[in-house]
Amino acid sequence: MQIIDGNKVSAQVKEEVRNQTLELKEKHGITPGLAVVIVGNDSASRVYVNNKKKACEAVGFNSEEYALPEQTTQEELLSLVKTLNEKSDINGILVQLPLPKHLDDKAVIEAINPEKDVDAFHAVNVGKIMLGEYDFLPCTPAGVMEMLHSYDIPVSGKNCVVIGRSNIVGKPMAMLLLHENGTVTICHSRTKNLAEVCSQADILVAAVGKPKFVTADMVKEGAVVIDVGMDRDENGKLCGDVDFENVKDKCSFITPVPGGVGPMTIATLMKNTLKAAKLQNNISD
Ligand code: GUN
């Protein structure tokens, strides 16, 4: 069994972004800029946003944080997005989800200029991903693919099972595995014989949001297990969707939580922001 080290792969990706950012500054005088918008006081979102800002600093981007109060109105948020769309030193706009319940996240995402949508959540970018002709890769699924590549784990012809069908992870994850010729099954809360389906997987991706949901009986001997979960166990300790201790010995590869998929999401965000800066300035590499 080999543990896939997300911190290590993410450091390599960020190093590459850092080098390309230096070159962009030297050759073209451009510094990529990311605007991060957070509304309300969700503590997990606060941690994610801080990590995104730190990553920007590490790769040499400018980052601007817009922390809005819980009671922000839809009009105020849309107005901020509009301002950021028009700001030429901002290349990427990220509105941290989830938003407070009274706000319409769909309308907010659709208001972002697709060229600045570094999360790849806008319908235009989702459509491009579906067609396989995308500018921006969805951050978490692309981070997972990068880890598979980094460990030379083949996808073509493999049985890939994704548990979870969210727009942020499950659906685009399935699409990226399909683009690399995996045979993909998406499971969800209505799936019959879930354990049986999962136990056929060569590559099993868990994105359910339930602590230790994937147990050893659901995992094939020698499977690759990717854990997208960021959950809390019964003692309030951070854990994933996979019962790591009991599953790990059955796997050929497994990602830990923390230190697995999480850092890769941020690394992809950095890649997307750099790409956005290049595209908006008509620079090809
Ligand atoms: N909330 C959980 N994951 C993400 C993400 O990748 N991007 C944004 N904007 N919000 C999230």
Side-chain angles (χ1 to χ4, degrees), residues 6 10 13-14 33-56 61 63-68 72 77-78 80-81 84-85 90-101 103-126 129 134 136-147 162 164-173 175-176 205-210 226-232 238 240-241 255 257-258 260-273 275-276:
S10 132
V13 172
K14 284 191 287 187
L34 177 69
V36 181
V37 180
I38 177 169
V39 186
N41 308 309
D42 184 82
S43 58
S45 289
R46 172 42 62 199
V47 174
Y48 298 145
V49 165
N50 288 349
N51 288 339
K52 288 169 186 179
K53 276 171 30 195
K54 262 190 239 161
C56 282
F61 294 173
S63 74
E64 293 180 1
E65 178 183 307
Y66 296 84
L68 306 182
T72 299
L77 185 51
L78 289 175
L80 172 61
V81 169
L84 295 173
N85 279 341
I90 289 297
N91 307 110
I93 302 170
L94 180 148
V95 179
Q96 187 65 30
L97 302 179
L99 290 171
K101 290 226 162 19
L103 296 171
D104 176 358
D105 54 1
K106 271 195 197 142
V108 173
I109 289 166
E110 291 309 303
I112 297 172
N113 177 349
E115 291 177 9
K116 296 191 176 186
D117 170 38
V118 285
D119 266 322
F121 289 170
H122 191 285
V124 164
N125 291 320
V126 174
I129 291 159
Y134 33 80
F136 303 125
L137 289 159
C139 295
T140 299
V144 170
M145 298 312 289
E146 185 103 38
M147 288 199 287
V162 179
R165 54 175 157 175
S166 71
N167 290 334
I168 296 185
V169 182
K171 284 190 225 171
M173 184 75 248
M175 205 49 62
L176 298 196
V205 182
V208 239
K210 290 186 182 161
I226 306 290
D227 191 346
V228 182
M230 284 284 248
D231 314 311
R232 299 270 163 193
L238 185 65
D241 289 349
T255 65
V257 176
V261 173
M264 294 306 300
T265 299
I266 295 183
T268 312
L269 176 68
M270 299 299 109
K271 278 174 91 167
N272 284 350
T273 305
K275 186 155 190 196

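Reckoned from all heavy atoms, side chains included, excluding hydrogens, waters and symmetry mates. Start at 1 and go down the list; that is how both ligands and their atoms are numbered.
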**OP:** Please report the shortest heavy-atom distance between Lys116 and Asn85, naming the atom on each side.
**Re:** NZ-O, 2.9 Å
Original post:
Between Pro114 and Asn125, which heavy-atom pair has the shortest distance, and what is it?
Top reply: O-ND2, 3.1 Å
Original post:
So do the side chains of Leu77 and Leu99 get within less than 4.5 Å of each other, counting heavy atoms only?
Top reply: yes
Original post:
Which protein residues have a heavy atom under 4.0 Å from ligand 1?
Top reply: Lys52, Leu94, Val95, Gln96, Leu97, Asp119, Phe121
Original post:
Among Lys54, Arg46, Lys52, which residue meets the side chain to side chain donor-acceptor pair (under 3.5 Å) test with Asn50?
Top reply: Arg46
Could you pull out all donor-acceptor pairs under 3.5 Å where a side-chain atom in residues 105-113 meets a protein atom, sequence neighbours excluded?
unit_1: Glu110; atom_1: OE1; unit_2: His122; atom_2: NE2; d: 3.4
unit_1: Glu110; atom_1: OE2; unit_2: Ala123; atom_2: N; d: 3.2
unit_1: Asn113; atom_1: OD1; unit_2: Glu115; atom_2: N; d: 2.9

Subject >> Evaluation steps, side-chain contact (heavy atoms from CB on, under 4.5 Å), between Leu269 and Leu34 >> reply: CA-CA 10 Å; Leu269 176 68; Leu34 177 69; 4.0 Å; yes
